[in-house]
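Okay, structure first, notes after.
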Amino acid sequence: MTSSHNRIIPQQLELLKSFKYLTDEKQISEVKELLNLYYRHRLDAAIEEVEVTKGFTQEVYAAWLQGKKD
């Protein structure tokens, strides 16, 4: 039985097709760095959205570090 999360979606296939043009380790490293930057920016945006929605501030984080729950 094959689950749907083990299948390659069209977007993944397109990305894989583009990798055939990478000719050396430097290019592979550059693509990895670009992907890391992309996902880091997405994560930062998601974190910022939660901070704004939940009202998390520097003061809240400082309180947490001191073991306070409020």
Do F19 and V31 come within less than 4.5 Å of each other through their side chains, counting heavy atoms only?
yes
Tell me yes or no: between the side chains of Q27 and T23, is some donor less than 3.5 Å from an acceptor?
yes
Can you sort out the partners of K54 under side chain to side chain contact (heavy atoms under 4.5 Å, CB included), two or more places apart, ordered by chain and number?
V50, F56
Smallest heavy-atom separation, Q12 atom then R7 atom, equals OE1-O, 3.7 Å
Separation between CG (L43) and OH (Y39), nearest 0.5 Å, reads 12.0 Å
So, E14 side chain and Q11 main chain: donor-acceptor pair closer than 3.5 Å or not?
no
Who pairs with T57 by side chain to side chain contact (heavy atoms under 4.5 Å, CB included), at least two apart in sequence or on another chain?
E59, V60
Mind jotting down which residue pairs meet the salt bridge (Lys or Arg N to Asp or Glu O under 4.0 Å) criterion with at least one end in residues 32-50? Sequence neighbours excluded, please.
none
Please list, chain by chain and in numerical order, all residues satisfying side chain to side chain contact (heavy atoms under 4.5 Å, CB included) with L13, sequence neighbours excluded.
I8, K17
For Y21, the hydrophobic cluster (side chain heavy atoms closer than 4.5 Å, chained through members) also holds none
Any chain of hydrophobic side-chain contacts (each under 4.5 Å) joining L15 to I28?
yes
Salt bridge (charged side-chain N to carboxylate O under 4.0 Å, His left out) partners for E30, two or more places apart
K26
